[in-house]
Visitor: 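Sharing a structure, written as C-alpha cells. Questions coming.
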Amino acid sequence: MQTAPQTTDQDQPAVDMKDIVALCKRRGFIFGASDIYGGINGFWDYGPLGTELKNNLRDYWWKSMVTTPPIGPDGHPVQIVGLDSAIIQNPQVWVASGHVGGFSDPMVDCRETKKRYRADHLVILIPSDDTPWIATIEDDEDFLKARLKKVGRGKSLNDFTSKNLTEIDLAEYPKILAPDAKEKGTLTEPKEFNLLFETGIGASEADKTTAYLRGETAQGIFINFKNVVDSSRVKIPFGIAQVGKAFRNEVNPRNFIFRSREFEQMEMEWFCHPDEAQKWFSFWKDERKKFWESIGLTSDNILMRDHDADELVFYSQGTCDIEYKYPFTSPDFGELEGIANRGNYDLTQHQEHSKTKLEYLDPERNNEKYIPHVIEPAAGLTRGVLALLCEAYTPDPNRPSGVYLNFDPKMAPKKAAILPLTAKDGQPEIAEKLYLELREEFAVDLDIKQNIGKRYARQDEIGTPYCFTIDQQTSEDGMVTSRERNTMAQERVPLDKVADFLREKLK
RNA sequence: GCGGGUGUAGCUUAGUGGUAAAGCACCAGCCUUCCAAGCUGGCUAUGAGGGUUCGAUUCCCUUCACCCGCUCCA
C-alpha cells in the first residue's frame with residue numbers, strides 16, 4: 001500500500017474516513033469488535049446491514065466465479081468449482097507454504113533513531129581496521145555514497161568488505177553504526193515476526209499440539225487439488241474457488257477494516273498448463289477488473305498496477321494488484337485484489353512436503369504429466385466491502401440526511417423500503433401486503449412510523465435505491481409512488497407491477 | 001513496535017473534588033402527511049482497572065481503544 005497525506009481534489013470534496021466509520025456504526029454496518037469491553041485492536045463486527053452488504057458481495061463473486069463463470073478465450077465458459085476447506089489444517093501445510101519458519105522477515109530497531117529496518121535489507125561495510133562498521137540500506141547507491149562520505153573517514157568503497165546483516169554474528173553488533181545513527185551499537189537483536197495465529201489442538205493442556213489459523217484460504221485449495229481432480233471430472237484448465245475467513249497477526253492494524261487481523265478472502269486458484277499460464281494471467285486480470293467495475297467502482301478510483309520485478313516474491317512470475325483509491329490512501333491507491341502468476345510453486349511445495357504426487361496427467365496432451373501452473377486472483381472480501389462503502393458515500397447538503405450511500409442496487413443491503421404515508425386509513429395494511437409479496441424475492445424494509453421525510457432520510461443513509469410510498473390515492477387507483485434514491489425523483493407505479501419494476505432495476 | 005494526540009449519551013458539546021447539563025438523534029403517544037415539522041413523555045454517558053481522598057468524571061498511576069505520523073504488511 002502506498003500512503004500519502006490526504007488531499008482535496010478540486011472537483012471532488014475529500015471524504016473523511018471518520019464520517020464513513022461513524023455512519024457505519026450509527027446505521028449498523030460495522031462495529032468495533034468487543035465494543036462493550038473496550039474493543040480489541042484489529043477486529044471488527046459486521047452489523048445487520050454490513051452483513052447483508054458483505055453477503056451480497058460474496059454471493060455476487062461466487063456467482064461470477066462458480067455459478068456463471070466467464071466465457072474463456074475459446075468462446076466457451078471456463079470451468080470453476082467451489083470449495084470450503086477447514087480453517088485449521090495440519091501444521092505442515094504452513095511449513096510447506098512458507099508461512100512458518102520460511103521467509104518471515106526479521107526486523108531490527110535502532111535504539112537511537114527509533115527507526116526500524118528489515119534485517120535482510122541492511123548491508124554492512126566492514127573495514128580492515130577497528131573503525132566502526134557502517135550499515136547502509138541495500139540497493140540505495142546515493143545513500144551509500146553519502147553515508148560513506150560522512151562517516152567513512154576518507155575510505156572508499158574498496159576499503160571495505162560488505163556483508164548482509166543476516167550473516168553477521170550478534171556479538172559483532174556493538175561495532176555497527178546504524179544507517180541513520182550517530183553512535184555505534186544501537187541496533188537491536190533481529191526480531192522475528194510470525195504473522196500466523198497459533199492455536200492448540202487437544203482439550204488437555206498436556207496433549208496440546210500447536211496448530212495455526214489459516215493465513216490465507218489459498219492453501220486449503222492447493223491441498224485439495226488432488227481430491228477435486230479425482231472427484232469432480234474437472235479437466236485442466238480449471239479453477240477452484242473459496243470464500244472464507246483468514247487470520248494474520250498484523251504488526252499494526254490500521255485504517256478501519258482495511259488491515260485487520262481477522263478478515264475475509266475470496267480466492268480462486270486457476271490451474272493450467274505451464275505454456276498457457278501467461279495467457280490466463282492476462283485473461284484473469286481483465287476479468288477481475290470488469291468484476292469490480294460491474295458493481296459500481298468507477299474507473300477513476302480503480303487502478304491496475306503490475307509489480308516491478310524487484311517487488312515480486314521469488315517464485316512469482318508476475319503479479320498485478322487491483323488497487324482502489326480509498327480516502328485514507330488518496331491520492332494514492334491501496335490494494336483490493338492481487339492477481340498472481342504463481343508458477344507451480346505451491347503444488348510443488350506440497351508435493352515435496354506431503355510426499356503425495358500432485359502431477360496432472362493430461363490426456364489432451366498425449367498423457368503429458370506435469371505439475372500445473374497457477375494463476376491466483378485473490379480478493380479481499382472485507383476490503384471489497386470497504387471499497388463499496390467508500391465509493392457509495394456521497395455527501396449531499398441538499399437533502400435532509402446530508403449524505404446518501406450510492407450503492408449499485410445489486411450490492412445495496414436493502415433493495416427497497418415500503419412506506420405508508422400515514423399510519424392509518426388502511427395504508428399500513430396495503431403496505432404490509434406489498435412487503436410480504438416483495439420479501440419473497442428481495443431484501444426489503446417495511447417502515448410505518450414517523451413522518452415520511454425522516455424515513456426517506458434513513459433509507460438514503462443506508463443506501464436503499466428505491467422507496468415505495470402508499471398514500472390515500474393508492475386505495476383508489478392501485479398505484480404507489482416510487483422514489484429513486486440518487487435523484488429523489490418520483491413516479492407512480494401500479495401495485496401489482498412493483499416486483500417487475502424492482503426486478504428490472506436490479507438487472 | 002516508536003512518537004504525538006484523544007476518550008463525558010448514538011452524535012455535537014457543557015460542567016464540577018460533593019445529585020452530571022443541553023441540543024440533535026433514537027423510542028412511545030398525539031397531531032400532521034411526499035423529503036429529518038410540532039407537542040408530550042421516555043431511554044441512554046464520564047473507556048477499563050487501581051491509587052490518593054470522608055467522597056474522584058475531575059488529581060496520580062496503569063491499561064485498553066481510537067486518530068495522526070513513522071515503521072511494517074511473508
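This structure is a prediction, so every number in the text was calculated from the model and none was measured. Chain letters run A, B, ... following the sequence lines, proteins first and then strands; every chain starts at 1.
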Visitor: As a test of reading the structure: which of U33(B), C2(B), A74(B) is closest to the side chain of Leu195(A), going by heavy atoms?
Guide: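 Of the candidates, A74(B) comes closest.
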Visitor: How many whole angstroms separate atom CG of Asn486(A) from atom C1' of C35(B)?
Guide: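 In whole Å, C35(B) C1' lies 15 Å from Asn486(A) CG.
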Visitor: Between the base of C35(B) and the side chain of Arg455(A), is there a donor-acceptor distance below 3.5 Å?
Guide: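 Flag unset: no donor-acceptor pair detected.
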Visitor: Looking only at the side chain of Glu461(A) (C-beta and beyond, no hydrogens), which of the listed nucleotides C34(B), A65(B), A36(B) gets closest?
Guide: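 The nucleotide sitting nearest to the side chain is A36(B).
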Visitor: Side chain to side chain contact (heavy atoms under 4.5 Å, CB included) for Gln472(A) and Leu421(A)? Distances and angles first, verdict last.
Guide: CA-CA 8 Å; Gln472(A) 196 125 40; Leu421(A) 195 56; over 6 Å; no
Visitor: Judged by each residue's nearest nucleotide on RNA chain B, which is more toward the 5′ side, Arg383(A) or Val480(A)?
Guide: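 The residue whose closest nucleotide sits nearer the 5' end is Val480(A).
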Visitor: Both distances below 3.5 Å, Watson-Crick or wobble geometry, any strand: find the nucleotide opposite C27(B).
Guide: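 Paired with C27(B), as far as the under-3.5 Å criterion goes, is G41(B).
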Visitor: Does U52(B) pair with anything, Watson-Crick or G-U wobble, both distances under 3.5 Å, and if so, with which nucleotide?
Guide: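 Result: none.
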Visitor: Which nucleotide wins on minimum distance to the side chain of Lys25(A), given the candidates C35(B), C11(B), C68(B)?
Guide: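 It is C11(B).
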Visitor: Could you state the CZ-C1' distance from Phe468(A) to C35(B), rounded to the nearest angstrom?
Guide: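 These atoms are roughly 17 Å apart.
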Visitor: Has Lys424(A) got a side-chain N or O lying under 4.0 Å from the OP1 or OP2 atom of U32(B)?
Guide: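 Checking Lys424(A) against U32(B): at least one side-chain N or O falls below 4.0 Å of OP1 or OP2.
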Visitor: Quick one: does NZ or CZ of Lys415(A) land under 6.0 Å from the six-membered ring centre of Phe442(A), within 45 degrees of the ring axis?
Guide: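 Checked: cation-pi criterion not met.
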Visitor: Any strand is fair game: report the nucleotide pairing with A21(B) by Watson-Crick or G-U wobble, both distances under 3.5 Å, or none.
Guide: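 Pairing partner, where one exists within any strand: U13(B).
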Visitor: Which whole-number value in Å describes the distance from Arg248(A) CZ to C72(B) P?
Guide: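 In whole Å, C72(B) P lies 18 Å from Arg248(A) CZ.
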Visitor: Salt-bridge test for Glu461(A) and Arg26(A): reply yes if a basic N is under 4.0 Å from a carboxylate O, no otherwise.
Guide: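 Looking at Glu461(A) and Arg26(A), the cut-off is met.
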Visitor: Can you tell me, in whole Å, how much space there is between the C1' of C27(B) and that of C43(B)?
Guide: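 So the two C1' atoms sit 7 Å from each other.
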Visitor: For each nucleotide in nucleotides 22-30 of chain B, reading 5' to 3', give B when a protein heavy atom comes within less than 4.0 Å of its base, S when such contact involves only the sugar-phosphate, and - otherwise.
Guide: ----SSSS-
Visitor: Expressed as a whole number of angstroms, how long is the span from Lys18(A):NZ to C11(B):P?
Guide: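 These atoms are roughly 13 Å apart.
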Visitor: If I pick the C1' atom on U13(B) and the same atom on U46(B), what distance separates them, to the nearest angstrom?
Guide: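 Roughly 14 Å separates the two C1' atoms.
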Visitor: Quick one: is the NZ or CZ of Arg383(A) closer than 6.0 Å to the six-membered ring centre of Phe258(A), and within 45° of its axis?
Guide: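 Yes.
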Visitor: Would you measure the distance from the P atom in G15(B) across to the matching atom in U71(B) and give it in whole Å?
Guide: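 Taking atom P in both G15(B) and U71(B), they lie 40 Å apart.
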Visitor: What is the base-pairing partner of C66(B), counting Watson-Crick and G-U wobble geometry with both distances under 3.5 Å?
Guide: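 Check on C66(B): paired to G5(B), both distances under 3.5 Å.
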Visitor: Choosing from G69(B), C35(B), U33(B), which nucleotide comes nearest the side chain of Leu421(A)?
Guide: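 Taking heavy atoms from C-beta onward, the closest nucleotide is U33(B).
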Visitor: Side-chain N or O of Asn41(A) versus OP1/OP2 of C66(B): is the shortest distance under 4.0 Å?
Guide: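 Affirmative; the distance criterion is met.
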Visitor: Over how many whole Å does the gap from Phe256(A) atom CZ to C68(B) atom C1' extend?
Guide: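 That distance rounds to 18 Å.
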Visitor: To the nearest angstrom, how far is Asn451(A) atom CG from G38(B) atom P?
Guide: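 Checked: the CG to P distance equals 9 Å.
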Visitor: When you compare A36(B) with C24(B), how far apart are their C1' atoms, in angstrom units rounded to a whole number?
Guide: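 It comes out at 10 Å once rounded to the nearest Å.
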Visitor: Classify the angle between the aromatic ring planes of Tyr324(A) and Tyr326(A) as parallel (below 30°), tilted (30 to 60°) or perpendicular (above 60°).
Guide: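 Aromatic pair Tyr324(A)/Tyr326(A) classed perpendicular.
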Visitor: Between Gln89(A) and Tyr212(A), is there a side-chain heavy-atom distance shorter than 4.5 Å?
Guide: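 The answer is no, as the side chains (C-beta and beyond) never meet within the 4.5 Å cut-off.
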Visitor: Measuring only the P atom in each nucleotide, how far is C59(B) from G7(B)? A whole number of Å is fine.
Guide: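 Here C59(B) and G7(B) have their P atoms 11 Å from each other.
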Visitor: With nearest nucleotides of RNA chain B determined for Ser401(A) and Ile40(A) from heavy-atom distances, which residue corresponds to the more 5′ nucleotide?
Guide: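 So the residue in question is Ser401(A).
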Visitor: What is the ring orientation for Phe222(A) with Phe271(A), classed by angle as parallel under 30°, tilted 30 to 60°, or perpendicular over 60°?
Guide: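 Perpendicular.
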Visitor: Provide, to the nearest angstrom, the distance between the CG atom belonging to Asp471(A) and the P atom belonging to U33(B).
Guide: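 So the CG-P distance, Asp471(A) to U33(B), works out to 12 Å.
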Visitor: Can the ring centres of Phe328(A) and Phe256(A) be said to be less than 6.0 Å apart?
Guide: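 Not under 6.0 Å, so no.
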Visitor: Can a cation-pi geometry be assigned to Arg399(A) and Tyr404(A), taking NZ or CZ under 6.0 Å from the six-membered ring centre and within 45° of the ring axis?
Guide: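 Output yes; distance and angle both within limits.
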Visitor: Side chain of Ala457(A) only, please: which of G10(B), C34(B), A36(B) is the nearest?
Guide: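 Among the listed nucleotides, the one closest to the side chain of Ala457(A) is A36(B).
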Visitor: Using whole Å, what does the distance between atom C1' of nucleotide C70(B) and atom CG of Asn252(A) come to?
Guide: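 Going from Asn252(A) (CG) to C70(B) (C1'), I get 10 Å.
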Visitor: Looking only at atom P, what distance separates C72(B) and U62(B), rounded to whole Å?
Guide: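 That atom pair is separated by 29 Å.
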Visitor: Rounded to whole angstrom, note down the P distance from G47(B) over to U57(B).
Guide: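 One P to the other, the span is 10 Å.
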